[in-house]
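Note sheet for the following structure.
Proteins get letters first, then strands, A, B, ... in listed order; numbering begins at 1 in each.
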Amino acid sequence: GAVVSQHPSWVICKSGTSVKIECRSLDFQATTMFWYRQFPKQSLMLMATSNEGSKATYEQGVEKDKFLINHASLTLSTLTVTSAHPEDSSFYICSARPAQGVPSTDTQYFGPGTRLTVL
Amino acid sequence: GDSVTQMEGPVTLSEEAFLTINCTYTATGYPSLFWYVQYPGEGLQLLLKATKADDKGSNKGFEATYRKETTSFHLEKGSVQVSDSAVYFCALSSYSSASKIIFGSGTRLSIRP
């Protein structure tokens with residue numbers, strides 16, 4: 001149980017185009033999902049927190065107009081990188097926190113990540 | 001703010017060697033502490049956790065004890081295997097961080113046969 005999937009697993013796009021990444025909790029409902037960015041050989045940096053049905057909360061320094069997050073249902077959150085540029089190339093990882101009480105509120109389950117390469 | 005510091009890698013060991021990866025934290029209050037593992041080409045997986053002082057988390061032969069007096073959560077394994085080769089992240093979550101998970105920089109572990 002507690003599986004989180006991401007789609008696509010990797011994507012290559014041209015500079016200036018937009019890319020959408022999906023994050024799904026497959027066997028549980030997630031009131032909160034998180035989006036992270038991981039640079040090569042570095043740690044995960046939290047980009048934003050999304051709660052179902054409300055606007056995402058972005059971390060300082062993250063451009064909300066560039067990284068659009070939508071959490072339309074309890075099992076799906078999407079990250080859209082708009083007008084992508086080569087410096088946006090990175091590994092994007094989502095995680096999902098189960099609804100309160102199932103099991104503990106500090107538990108997050110991570111997706112396998114999406115590698116984005118912008119040419 | 002809350003933070004996690006872990007030893008820099010890479011760490012290279014021979015199979016069956018003893019492993020220690022150091023981790024210390026700074027946090028207000030009483031955080032939950034975690035070790036996550038990222039195998040090559042895969043996403044993060046929770047390896048073990050501890051939620052209060054003196055708790056010991058354990059899984060797959062790995063152990064870590066929540067030491068409040070030294071603000072540490074060092075990861076240990078008595079005999080590593082080649083399959084343990086991965087990147088290990090120490091992390092915390094606390095009320096003061098709004099329950100966000102704050103990660104250390106990661107330690108790459110390579111085990112030689």
Side-chain angles (χ1 to χ4, degrees), chain A residues 1-10 21-26 30-51 56-62 90-101 103-115, chain B residues 1-11 21 23 25 27 29-52 55 57 59 66 73 85-110:
Chain A
V3 176
V4 175
S5 70
Q6 283 185 239
H7 178 80
S9 55
W10 59 273
I21 302 170
E22 293 186 349
C23 176
R24 294 181 184 271
S25 57
L26 297 185
T31 50
T32 305
M33 289 185 171
F34 303 85
W35 286 96
Y36 296 85
R37 185 172 179 178
Q38 185 181 26
F39 292 98
K41 299 184 179 181
Q42 294 188 29
S43 188
L44 281 74
M45 292 178 51
L46 180 63
M47 298 174 65
T49 302
S50 73
N51 292 294
T57 302
Y58 291 81
E59 295 299 301
Q60 193 171 7
V62 177
S90 192
F91 196 54
Y92 293 88
I93 301 172
C94 75
S95 70
R97 177 187 290 161
Q100 190 170 13
S104 65
T105 55
D106 63 4
T107 299
Q108 292 183 27
Y109 298 99
F110 286 81
T114 297
R115 184 163 303 285
Chain B
D2 295 352
S3 65
V4 176
T5 302
Q6 63 182 102
M7 65 186 288
E8 292 188 18
V11 174
I21 300 178
C23 171
Y25 67 90
Y30 303 94
S32 294
L33 302 175
F34 310 87
W35 277 99
Y36 284 87
V37 58
Q38 186 177 33
Y39 296 104
E42 299 183 16
L44 267 73
Q45 301 173 30
L46 178 64
L47 179 61
L48 53 85
K49 65 184 280 189
T51 57
K52 62 183 188 295
D55 266 3
N59 185 24
Y66 190 143
F73 193 55
S85 298
V87 181
Y88 293 82
F89 293 93
C90 186
L92 69 81
S93 175
S94 72
Y95 179 79
S96 61
S97 69
S99 296
K100 301 172 190 176
I101 294 183
I102 297 172
F103 289 89
S105 56
T107 302
R108 183 173 298 276
L109 174 66
S110 296

**Side chain, backbone, both or neither of Gln45(B) within contact of chain A (heavy atoms, under 4.5 Å)** = neither

**Asked** Side chain, backbone, both or neither: which part of Gln6(A) has a heavy atom under 4.5 Å from chain B?
**Response** neither

**Request:** Rounded to the nearest 0.5 Å, what's the gap from CG on Leu44(B) to CG on Leu44(A)? Could you check?
**Result:** 5.5 Å

**Prompt:** Shortest non-hydrogen contact from Arg97(A) to Lys100(B)?
**Reply:** NH2-N, 4.5 Å

**Message:** Tell me the closest heavy-atom pair linking Phe89(B) and Ser43(A), and the distance in Å.
**Reply:** CE2-CA, 3.7 Å

Does atom [atom1] of [X] have more than 12 heavy-atom neighbours from other groups under 6.0 Å away?
| X | atom1 | result |
| --- | --- | --- |
| Met45(A) | CE | no |
| Glu8(B) | CD | no |
| Tyr30(B) | OH | no |

